Colleague: 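Handing you a structure now.
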Amino acid sequence: MSDKKVRVRFAPSPTGGLHLGGVRTVLFNYLFAKKHGGDFVLRIEDTDQSRYVKGAEEYILECLEWCGLIPDESPVAGGRYAPYRQSERKAIYREYAERLVMQGHAYYAFDTPEELERNRHEIPNFQYGHAYRDTLRNSLTLTQHQVDQLLDAGEPHVIRIKMPENEHIHFNDMIRGNVSFETGQSDDKVLLKADGMPTYHLAVVIDDYLMKITHAFRGEEWLPSAPVHLLLWEYLGWKADMPQWAHLPLILKPDGHGKLSKRDGARLGFPVYAMSWFDERTGELTPGFRELGFLPEAFLNLLAMLGWNDGTDSEIFTLGELVEKFSIERVNKAGAKFDFEKAKWFNSEWIRKSEARSLKPEVIKVLAGKGIVVTDDDFLLKVIDLVKERCILLPDFFHQLSYFFEQPKEYDLASVKPKWTDAKTEFFISFIGILAKTEDISAAGLEQAFKALAEEKAIKAGELMLPFRIMLVGGKFGPHVFDIAVLLGKAETIERIEKALETFKS
RNA sequence: GGCCCGUUCGUCUAGGGGUUAGGACGUUAGAUUUUCAUUCUAGAAACAGGGGUUCGAUUCCCCUACGGGCUACCA
């Protein structure tokens, strides 16, 4: 590694929700930067005006905030290499593109999109490259005079890189090792579009250079265009400053094949985006991990384990531990199929591992969403501790907790009524009497009294436990019934028994 | 089609010239929990195929197959 300060960037285009793979790219960027005491830059690649979606940039920022992956420099935080939105850097790119034309590494092309489309249709395997560029309308085939005339007349044009026909190009990817290409395989990519905006290819090189990026992480889908970028770094005379590349493996569909996409989430019933995304144009709401009840720590943890491990059997890591243990050498080459079951397991582990007080704000939100307003914080903390190991996703807290805040609306009568007897009614009436006389109740003491009374009445305690539970919570679930009774308190427990008795008897 | 990248249980993966090929999720069975979830114990489950190299390949090399990516004035 060089002695330069490590600087990485995440460069999303604001076109919609932030995908799992995107967040993982952010994560690896972040981990690498922080591991090496470097800077993490957020750069918005909004060069495609037709795909720009309002609100997407704010959404991305919010995602990063939720995850706790805060950029050191960004459009909102600013920084010495501002602006961080490519649309605001538009003026910068043309100069470099012209420079490439001047040097003979790029050229003006006047072909219309329609003409190119027709060529692609009519000529098998048509590519705007060495094989066809001499037959098209560009500054390679036109005279200097013609080109100047067209340019002066404001004729729409793009600037394309002139890919060498027979050059072997290779580079050392931090994840894949040596990767090599023949330059003639790639077409002459557009560098500057007719609207004056750069394409990704030009912008990424110029901005990475100007922003002094030292290590560039991106998805594997970018590998085929790497030679174009490499050439650009060379032609621009910046090769010594080129970042080290790391092409991350893709996250794949759990079933079939291919890259995981938004559609798969809807089809298979799990989120693909970090947070819900509402598409104003279609009115479609795509759910996110946050809204489904994932903890950001769990989300990050599961993403980190998709393509990386620390070499031990450990799987649960905090962000801090990930920063400490991360190493690019241990990132896998192969794509990973996403497994939602394992994702949920990570979340349940994190809920279990979390302190009740850190879970509290989220639980309050879950309950509030169901109309339960919590007034006693200490009580809430206690019940969270009692049930958290039974919750996989945050909304599970509603089911596990609601009966602490409101009496059961319905009882699982099928589990009690067929076996209900008058003797049982009497038992509970006596039990209420004992309860009323008990000064301070404990789970153990209560259980003892319950069992003693059962023996006295000659009823098996087991026949009574389930009904008691159903009286208190309504159904066959929840923690130990005497723990529940203690937390509910004497008065409330008595009230619930009395109320349930009415229903059970009739 | 062309180019590039990849391939260890169903899934995520560890390992690496000689191993009973390890773990996790899921799954199966049993135990515990007088509810459910947990927990515990046990089990089934993998080196894509073919050639090399080697005393010995799952591990290194080549080929094939398969999978994936790219092939836009999108990123």
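Since we're looking at a predicted model, the values are computed, not measured.
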Colleague: Work out how far the P atom of B/U27 is from that of B/U11, and round it to whole angstrom.
Modeller: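 Approximately 16 Å lies between the P atom of B/U27 and that of B/U11.
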Colleague: Can you identify which nucleotide, out of B/C73, B/A75, B/U39, has its nearest atom closest to the A/T47 side chain?
Modeller: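 Among B/C73, B/A75, B/U39, the one nearest the side chain of A/T47 is B/A75.
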Colleague: Which residue in the set A/F428, A/Y411, A/F427, A/F468 passes ring-ring contact (aromatic ring centres under 6.0 Å, His included) when paired with A/F504?
Modeller: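 The single option meeting the ring-ring contact (aromatic ring centres under 6.0 Å, His included) with A/F504 is A/Y411.
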Colleague: Among the candidates B/G6, B/U11, B/U39, find the nucleotide nearest to the side-chain atoms of A/A334.
Modeller: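 Minimum distance to the A/A334 side chain belongs to B/G6.
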Colleague: Nearest to the side chain of A/D48, which nucleotide is it out of B/A72, B/A75, B/C70?
Modeller: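 It is B/A75.
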Colleague: Between A/F28 and A/F217, does the ring centroid distance fall short of 6.0 Å?
Modeller: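 No - the distance between ring centres of A/F28 and A/F217 does not fall below the 6.0 Å cut-off.
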Colleague: Write down the distance separating the P atoms in B/A21 and B/A48, rounded off to the nearest Å.
Modeller: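 It comes out at 15 Å once rounded to the nearest Å.
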Colleague: Distance check: side-chain N/O of A/K344 vs OP1/OP2 of B/A37, anything under 4.0 Å?
Modeller: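 For A/K344, the contact criterion (side-chain N or O under 4.0 Å from OP1 or OP2 of B/A37) is not met.
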Colleague: Where the side chain of A/N332 meets the backbone of A/A334, is there a donor-acceptor pair that is under 3.5 Å apart?
Modeller: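 No, the answer is negative, given that no donor and acceptor are paired below the 3.5 Å cut-off.
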Colleague: Measuring only the C1' atom in each nucleotide, how far is B/A45 from B/G50? A whole number of Å is fine.
Modeller: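 The same atom, C1', in both gives a distance of 26 Å.
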Colleague: What integer number of Å spans the C1' atoms of B/G6 and B/C47?
Modeller: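 Roughly 15 Å separates the two C1' atoms.
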Colleague: Roughly how many Å apart are B/U71 and B/U38, using the P atom of each and rounding to a whole number?
Modeller: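 Pairwise P distance, B/U38 against B/U71, rounds to 45 Å.
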Colleague: May I ask you to evaluate whether A/R120 reaches the phosphate of B/C73, defined as a side-chain N or O under 4.0 Å from OP1 or OP2?
Modeller: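 Indeed, a polar side-chain atom of A/R120 lies that close.
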Colleague: Expressed as a whole number of Å, how far does the C1' atom of B/A44 sit from that of B/G49?
Modeller: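 Pairwise C1' distance, B/A44 against B/G49, rounds to 25 Å.
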Colleague: Would you classify A/M465 as touching base, sugar-phosphate or nothing, given that sugar-phosphate means primed atoms plus P, OP1 and OP2, and contacts are heavy atoms under 4.0 Å?
Modeller: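 The residue A/M465 makes base contact.
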Colleague: Assign A/P479 to base, sugar-phosphate, or nothing according to its heavy-atom contacts below 4.0 angstrom with the strands shown.
Modeller: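 Answer is base: heavy atoms of A/P479 come under 4.0 Å of a base.
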Colleague: Looking at A/N309, does any N or O in its side chain come under 4.0 Å of the phosphate oxygens OP1/OP2 on B/A24?
Modeller: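 Checking B/A24 against A/N309, no side-chain N or O comes under 4.0 Å of OP1 or OP2.
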Colleague: First locate atom NE2 of A/H201, then atom OG of A/S225, and finally report the distance between them rounded to the nearest 0.5 Å.
Modeller: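 Spacing of NE2 (A/H201) from OG (A/S225) equals 4.0 Å.
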Colleague: Identify which nucleotide among B/C25, B/C70, B/A72 has an atom closest to any side-chain atom of A/D339, counting heavy atoms from C-beta outward.
Modeller: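 The listed nucleotide nearest to A/D339's side chain is B/C25.
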Colleague: Compare the minimum distances between each of B/A75, B/G6, B/U13 and the side chain of A/A336, then state the nucleotide with the smallest one.
Modeller: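 Nearest to the side-chain atoms of A/A336, counting from C-beta on, is B/U13.
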Colleague: B/G6 phosphate, OP1 or OP2: any side-chain N/O from A/K333 under 4.0 angstrom?
Modeller: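 No, outside the criterion.
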Colleague: If the cut-off is 4.0 Å, is A/K259 near the phosphate of B/C70, judged by side-chain N/O to OP1 or OP2?
Modeller: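 So the side chain of A/K259 is within the cut-off, an N or O lying under 4.0 Å from OP1 or OP2 of B/C70.
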Colleague: Pick from A/Y273, A/F299, A/W277: which one makes a ring-ring contact (aromatic ring centres under 6.0 Å, His included) with A/F289?
Modeller: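 So, applying the ring-ring contact (aromatic ring centres under 6.0 Å, His included) to A/F289 and each of A/Y273, A/F299, A/W277, only A/F299 qualifies.
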Colleague: Base, sugar-phosphate or nothing for A/G307? Non-hydrogen atoms, less than 4.0 Å.
Modeller: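 The answer is sugar-phosphate, as A/G307 gets under 4.0 Å only of primed atoms, P, OP1 or OP2.
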Colleague: Among B/U35, B/U13, B/A75, find the nucleotide with the atom closest to the side chain of A/N332.
Modeller: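 From the listed options, B/U13 comes nearest.
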Colleague: Under 4.0 Å between a side-chain N or O of A/R160 and OP1 or OP2 of B/C73?
Modeller: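 So the side chain of A/R160 is within the cut-off, an N or O lying under 4.0 Å from OP1 or OP2 of B/C73.
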Colleague: Which residue in the set A/M197, A/Q86, A/K193 passes side-chain contact (heavy atoms from CB on, under 4.5 Å) when paired with A/Y93?
Modeller: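 Answer after filtering A/M197, A/Q86, A/K193: A/Q86.
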Colleague: What's the closest nucleotide to the side chain of A/E315 if the choices are B/G23, B/U13, B/C3?
Modeller: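 Nearest to the side-chain atoms of A/E315, counting from C-beta on, is B/G23.
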Colleague: Between B/U34, B/C3, B/C73, which nucleotide has the shortest distance from any of its atoms to the side chain of A/A461?
Modeller: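 When the side chain of A/A461 is considered, B/U34 is the closest of B/U34, B/C3, B/C73.
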Colleague: Quantified in whole Å, what is the C1' atom distance between nucleotide B/U28 and nucleotide B/C4?
Modeller: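 Each nucleotide's C1' atom is 42 Å from the other's.
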Colleague: Could you tell me whether A/R160 sits above the aromatic face of A/Y128, with NZ or CZ closer than 6.0 angstrom to the six-membered ring centre and within 45 degrees of the axis?
Modeller: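 Satisfied, under 6.0 Å and within 45°.
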Colleague: Please evaluate the base of B/A24 for a donor-acceptor partner in the side chain of A/K342 within a cut-off of under 3.5 Å?
Modeller: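 It does, because a donor-acceptor pair links the side chain of A/K342 to the base of B/A24 below 3.5 Å.
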Colleague: Which nucleotide, B/U11, B/C25, B/G22, lies nearest any side-chain atom of A/E341?
Modeller: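 The closest nucleotide is B/C25.
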Colleague: Out of B/A75, B/U35, B/G2, which has the shortest distance to the side chain of A/F477?
Modeller: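 Looking only at heavy atoms from C-beta outward on A/F477, the closest nucleotide is B/U35.
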Colleague: Between A/R330 and B/G15, is there a side-chain N or O to OP1/OP2 distance below 4.0 Å?
Modeller: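 Result: yes.
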